[in-house]
Number of protein chains: 4
Amino acid sequence: MEQSAGGRPREARIERDVLAAARELLVEQGFAGLRVAAVAERAGTTKPALYRRWPSLPHLVYEAAFPDDVAVALHLGGDLRTDLYGIVVGVRDLFTSPVVSAALPGLIAEFARRPELHASLLQRFSGVFVDLDRRLLRAVQDGDARADVCADDLVQTVLGAVLAGIVFTPEGLDDGWADRLSTTLWKGIRP
Amino acid sequence: MEQSAGGRPREARIERDVLAAARELLVEQGFAGLRVAAVAERAGTTKPALYRRWPSLPHLVYEAAFPDDVAVALHLGGDLRTDLYGIVVGVRDLFTSPVVSAALPGLIAEFARRPELHASLLQRFSGVFVDLDRRLLRAVQDGDARADVCADDLVQTVLGAVLAGIVFTPEGLDDGWADRLSTTLWKGIRP
Amino acid sequence: MEQSAGGRPREARIERDVLAAARELLVEQGFAGLRVAAVAERAGTTKPALYRRWPSLPHLVYEAAFPDDVAVALHLGGDLRTDLYGIVVGVRDLFTSPVVSAALPGLIAEFARRPELHASLLQRFSGVFVDLDRRLLRAVQDGDARADVCADDLVQTVLGAVLAGIVFTPEGLDDGWADRLSTTLWKGIRP
Amino acid sequence: MEQSAGGRPREARIERDVLAAARELLVEQGFAGLRVAAVAERAGTTKPALYRRWPSLPHLVYEAAFPDDVAVALHLGGDLRTDLYGIVVGVRDLFTSPVVSAALPGLIAEFARRPELHASLLQRFSGVFVDLDRRLLRAVQDGDARADVCADDLVQTVLGAVLAGIVFTPEGLDDGWADRLSTTLWKGIRP
DNA sequence: CACTAATCGAGACGGTACGTCGCGTCTTGTG
DNA sequence: CACAAGACGCGACGTACCGTCTCGATTAGTG
């Protein structure tokens, strides 16, 4: 639609290979060690081809770490405690992947200069918010949660706990941690 | 100690002015927009004078954002719920100051490359951990908290919630938020 | 001949408009400031249409500055002094036109890389050489010139004087200059 | 004078080596094949160090081809015919050196965009003009030259003949050519 | 009336080089 | 010693053109 008109079409290979190269180099070199020229070279293309597709390296990193099709797998459907555990584990698994944990701190630092990245990430996870909002509403109706508990708070707390975990104790986010956190939250929001 | 021997003594003015300049420019330009030359110029000195004092710009930023004398004011001493509220508010107030919120994401991103900064920040807040550990131990003895609740989890959750707040909803960390979070945690850790 | 077979015929308009656009832009921007995309745009066409007709921009410039039909108007037929004056003025008038004086230095610089352009320009002016050779032969027979004077030297000297004039004193090539130069040459080649 | 004040002084080695590298690469690759990075590399330095000294590559080429100390060796002092021959040979020898003949066409093409280079070259050869002017004045007084002959015309003609020779018949500028040209000029300017 | 073949526009392609910026270091003269 | 000043090597940046290619859509002549 946006480029239905004439002109040589873009090679799909390049977008694909560049994102793959970026993911590899993120893990190998870290966000701060990522070089535009290195990504281009590993992808078998050149810098101008990159800048035709992404306005800057952080934009490319963002798309490499959070492709359009990623999402937190929520698997809601059990009792509240089980669902909370699932949410915690889902968020943890997404954010502790090598690529995401390498990219995220750098991306967050770039948010101050690139608001569109910030907005984009928020929107990417809006689905989680909506789903969780609905689940929480049901919990309130079932008498499993207080009426003043808000989904945004809950998601932010889970997200934050994972974030702090990546930064401070990356190895400590095991299933025991997930169990303790989800238990505390489950008890914490009960009436 | 390290430079007790002869020679011209360092001007105390420079260290003071450079830190002040760094704080100003952090707020004005953000972490990513901070330039060594700009800090030196605003402080009325030069780059070599800076590098004599700090090994790199992130080290300077770290000291500018977290001076030796900062600490979370905990004011423990009330009942558990009040103390938890105080902790949340204390962490929030420290991390949401303009300078710290501008510096922190960038510093976190640098942790991957400069482990000594990482370690230094952890150590700076070890006091909070110790204090909270002691408070939680008393709560367990008083029957206000479950025995399996661990202070590290709790601090990390509070820290993470503030961090996520800085990143995603900087304006939303009002006293109501602090009340909701501390309430949930208080209920969550009760036996 | 070269494209007698089927297919859509070239639009004559394009060749014409491109050459005109190149002439305009040569005068406006100079040889070094000439851009393929700019020429194409001003001619209302595109780069590929250009490269279908000329192998490179210098080739196009060459044809724009020296079309097939240009030639030095020699008007030989008077006495030797008059004819020499006519030659000097003819060469001067051709090479000091805005388009040619803008194109020539750049083209000369390209000769080192594109020998075919070099050869082509020499061939284009071979007519002058032949005519002058014949005129000089007659002058020798008439006793107006020494037998060892060679036409190539003479043409090269006139060409060089005009070239040096373009480069060093573009405004100084008036009729007085032409008179002085032709007089010196006339006297110089006499027996 | 211009940088008498503090700061690390420039390394004389760099200016020297860069000019030498430029001269080598001009001969090896030609003006159009000259690359800033290649010059820097061969000189054992970097692009920024080059741009600190010269505003652009043509400025550097200009200084490489025409150092402050170059000048046409005129050796005036004999009779007029001998001196004219000496002038022709002197100009020829300067401009047909590998470095100058590689640099000059490209430089001339740049004159359109960099008037300061143009002016600089003119000034560089003003000495020749002055010397020749004086010699011609004596010739007029001695009755060896017409009073209306002007030194500028003469220099320009010699320069132009050499220029045209470089462009059109580089191999043909032998001593016979110099003899023929100087003879024609000598006869041409006689009363 | 299809078929063929080269053109047209548009614009992305791989590629090369550009000129600039910022880092952290070094070298001077001065206090 | 430290200071101001400023060039240094280094490495990366984002941009500008180049000349080519790939489209879908014309536009003749040929079969």
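In the text below, chain A, chain B and the rest are named by the order of the sequence lines, each starting its count at 1. For clarity, every value in this text was computed on a predicted model and none was experimentally measured.
- Take D/Arg13 and apply the salt bridge (charged side-chain N to carboxylate O under 4.0 Å, His left out) test, not counting sequence neighbours, and it matches D/Glu11, D/Asp17.
- At whole-Å resolution of the value, CG in B/Leu50 and P in E/dT25 are 12 Å apart.
- With sequence neighbours left out, the side chain to side chain contact (heavy atoms under 4.5 Å, CB included) criterion links B/Ser101 to B/Ile166.
- Against DNA chain F, the stretch residues 17-42 of chain A makes heavy-atom approaches under 4.0 Å through A/Arg35, A/Val36, A/Ala37.
- Comparing the local axis fitted to the first five base pairs of the helix from E/dC1-F/dG31 to E/dG31-F/dC1 with the one fitted to its last five gives a bend of 10°, rounded to 10°.
- With rounding to whole Å, C/His59 atom NE2 is found 11 Å from F/dG19 atom P.
- Among pairs with a residue in residues 108-117 of chain A, those fulfilling salt bridge (charged side-chain N to carboxylate O under 4.0 Å, His left out) read A/Glu110-A/Arg114, at least two apart in sequence or across chains.
- Mapped onto DNA chain F by nearest heavy atom, C/Ser56 and D/Glu11 fall at different nucleotides, with D/Glu11 at the one closer to the 5' end.
- Take B/Leu57 and apply the side chain to side chain contact (heavy atoms under 4.5 Å, CB included) test, not counting sequence neighbours, and it matches B/Leu34, B/Val36, B/Val61.
- Residue side chain C/Lys47 reaches the base of F/dG19 through a donor-acceptor N/O pair under 3.5 Å, judged by distance alone.
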With the criterion being N/O to N/O and under 3.5 Å, what pairs connect the protein with nucleotides 23-26 of chain F, and how long is each?
residue, atom, partner, partner atom, Å
F/dT26, O2, C/Arg8, NH1, 2.8

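- At the heavy-atom level, D/Pro48 lies under 4.0 Å from base atoms of the strands shown.
- The separation between C/Arg114 atom CZ and F/dC18 atom P is 11 Å, rounded to whole Å.
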### Task
List the steps, then state whether side chain to side chain contact (heavy atoms under 4.5 Å, CB included) holds for A/Trp54 with A/Leu19.
CA-CA 11 Å; A/Trp54 298 275; A/Leu19 289 171; 3.9 Å; yes
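- Atom pair A/Arg10:CZ and E/dA12:C1' shows a separation of 7 Å (rounding to whole Å applied).
- The nearest whole Å value for the distance from the CG atom in D/Leu60 to the P atom in E/dC18 is 11 Å.
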### Task
With side chain to side chain contact (heavy atoms under 4.5 Å, CB included) as the test, would you mind laying out the steps for B/Leu121 and B/Leu107 before giving the verdict?
CA-CA 10 Å; B/Leu121 188 61; B/Leu107 281 177; over 6 Å; no
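- Partners of B/Ala109 under the side chain to side chain contact (heavy atoms under 4.5 Å, CB included) rule, at least two apart in sequence or in another chain, are A/Pro105, A/Ala109.
- In terms of heavy-atom proximity, C/Thr46 sits nearest to C/Ala40 at C-CB, 3.6 Å.
- Two residues, B/Pro55 and A/Ile14, neighbour DNA chain E, and the one matched to the more 5' nucleotide by heavy-atom proximity is A/Ile14.
- Atom C1' of nucleotide F/dC13 and atom CD of A/Glu110 are separated by 13 Å, given to the nearest angstrom.
- The distance from atom CH2 of A/Trp54 to atom C1' of E/dA12 is 14 Å, rounded to the nearest whole Å.
- Set against E/dC8, F/dG9, E/dC13, the side chain of C/Ala49 has E/dC8 as its closest nucleotide.
- When heavy atoms are screened at a 4.0 angstrom cut-off, A/Thr45 is found touching the sugar-phosphate backbone but no base atom.
- Not counting sequence neighbours, the partners of D/Arg52 by the side chain to side chain contact (heavy atoms under 4.5 Å, CB included) test are D/Arg10, D/Pro48, D/Ala49.
- You'll find that the side chain of D/Thr46 is closest to F/dC10, out of F/dC10, E/dG14, E/dT7.
- Applying the salt bridge (charged side-chain N to carboxylate O under 4.0 Å, His left out) test to every pair with at least one member in residues 20-41 of chain B, sequence neighbours left out, gives these pairs: B/Glu24-B/Arg42, B/Glu28-B/Arg42.
- The ring-ring contact (aromatic ring centres under 6.0 Å, His included) search around A/His59 returns none, not counting sequence neighbours.
- Residues satisfying the ring-ring contact (aromatic ring centres under 6.0 Å, His included) test with D/Phe111, not counting sequence neighbours, are D/His118.
- Taking side-chain N and O atoms only, D/Arg13 has no distance below 4.0 Å to OP1 or OP2 of F/dA7.
- A/Arg113 has its CZ atom 12 Å from the C1' atom of F/dC13, to the nearest Å.
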